[in-house]
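Okay, so here's the structure we're looking at.
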Amino acid sequence: MKHIANHPATADMQALDAAHHLHPFTDTAALNKVGARIITSAKGVMLRDSEGNDILDAMAGLWCVNIGYGRDEMADVAARQMRELPYYNTFFQTSHPMVIALAEKIAALTPGDLNRTFFSSGGSDANDTNIRLVRHYWASLGKPEKTHIIARQNGYHGSTLGAASLGGMAAMHAQGGLPIPDISHIAQPYWYAEGGDLSPEEFGLKAAQTLATEIERLGEENVAAFIAEPVQGAGGVIVPPETYWPEIQRICDAHEILLIVDEVITGFGRTGAWFGSETYGIKPDIMTIAKGLSSGYQPIGGSVVSERVAAVFAEKGGEFNHGYTYSGHPVAAAVALENLRILDEENIVKTVATETAPYLAQRWAELGQHPLVGEARISGLMAAIELTPDASARAPFLEPGSVGPICRDHCFGHNLVMRHVGDKMIISPPLVISKAEIDTLVDTAHKALDLTLADATKHGLMKAGSR
Ligand code: PXG
């Protein structure tokens, strides 16, 4: 075992972690049997663990470390800001230079007339803001009955009560009596699993039209907004058919409802444009941002609103009784600004669009040919493969969720972080990943698929179930 001197032994840290730390989205009993993997440092796209292993992080942390790890400029800016003004609030008619500069920069980068930002500490609380914001918007316009928000099955918008209610994750709703009232969920554009005999284009239209049906069912006079991710991330990188977003946009334009586009994952270069809204031709009234806004170096998010929404607040909204202690935190704002400078000046988004995303697309498609894979799909630098016992039938496993974890473990075993969502394997690497690192990623994934197929065959898991 390699010895790393600057921290306690792995087993000691694991024991303390097990004794005192409750982990998010974790089966604590299962974790404590094996002990947590302990990450001690990182540089570029590589993590180092407490055993001295160097691991390629194909998830950019949790979809957030867009500029890669270990940028000294970010640390310098944070230290400078902590000395100058470590904290001040943005309530009570006060502001500070960093939040002003960041709000202006976000207005410049986001499409259309999304010009004003309400800041949060992450994506969940930004989406909670959105729920209160759209209801306040309509109430201010004399339409207090417009409270209902339409969201999607298998969408992910965060873990707070409001955000988890917007999300369409059945397992989350099952714990604690969610969703909260006046939120409902329509179909997702998941052709591979739900498209049946329809072509992707036909299915994209059909899935989008469930929005019109739901607005009709509820009565347009009761609907405040529709919320969706351009590409569902946590749901398993569900890339919508080309017909989907134009039809959703048409339906939103034809009705008096607000369109909230959750760009927490797709924002800041992930899809090969600054925002997924540009990639998919969407015109949001409100955009949720977080993660890539600071590349995860500081917790910060926000709701960016259009002039139409902002005007109501500026003219007749009165006081919006909502805010977080850390709304527009100066250190987080300074670090986010530096992150945006790096993304901008180093042409990182352009490099994704013209070089690394096309290269990953070509190499990722090779995985689609593997006998264990039913589909390989990609949008910019986020991608998924569907594991299946029968590719031609797009069949699920008889025991759903039995094979994805095996593949995940083989990836980890070969120093690659690739996540599983059920039997889907997904990636979302730092946007600074090089072509050589993409080669390592895909070659390792290929090896993991071979080993997974051998294990699944040996354990009799290659049996098809039905949807
Ligand atoms: N919206 C979207 C689209 C997200 O992906 C959130 C909101 C919530 O953001 P915060 O910052 O409050 O976590 C997210 C977060 C996963 C995973 O397992 C995904 C997220 C968070 C944790 C785990 O893929 N996305």
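Residues: numbered from 1 along the sequence shown. We count ligands from 1, going down the list as the structure has it; atoms in each ligand are counted the same way. What you see is a predicted model; the values in this text were computed from it and never measured.
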| Shell of residues surrounding ligand 1, defined by a 4.0 angstrom heavy-atom cut-off that is strict | Leu62, Trp63, Gly122, Gly123, Ser124, Asn127, Tyr156, His157, Gly158, Glu229, Ala234, Asp262, Val264, Ile265, Lys291, Arg419

| task | Any pair with a residue in residues 263-289 that passes salt bridge (charged side-chain N to carboxylate O under 4.0 Å, His left out), sequence neighbours left out, goes on the list, sorted by first then second residue, please. | result | Asp285-Arg308

| field | Residue that, paired with Val442, satisfies side-chain contact (heavy atoms from CB on, under 4.5 Å) out of Thr440, Ile438, Thr444 | value | Ile438

| note | By salt bridge (Lys or Arg N to Asp or Glu O under 4.0 Å), Arg408 pairs with (sequence neighbours left out) none

| query | Is it the case that Arg394 places NZ or CZ above or below the six-membered ring of Trp191, under 6.0 angstrom from the centre and within 45 degrees of the axis? | reply | yes

| field | By salt bridge (Lys or Arg N to Asp or Glu O under 4.0 Å) - contacts of Asp409 (at least two apart) | value | none

| said: Looking at Glu399, I want to see if its CD is surrounded by more than 12 non-hydrogen atoms of other residues, nucleotides or ligands under 6.0 Å. | reply: no

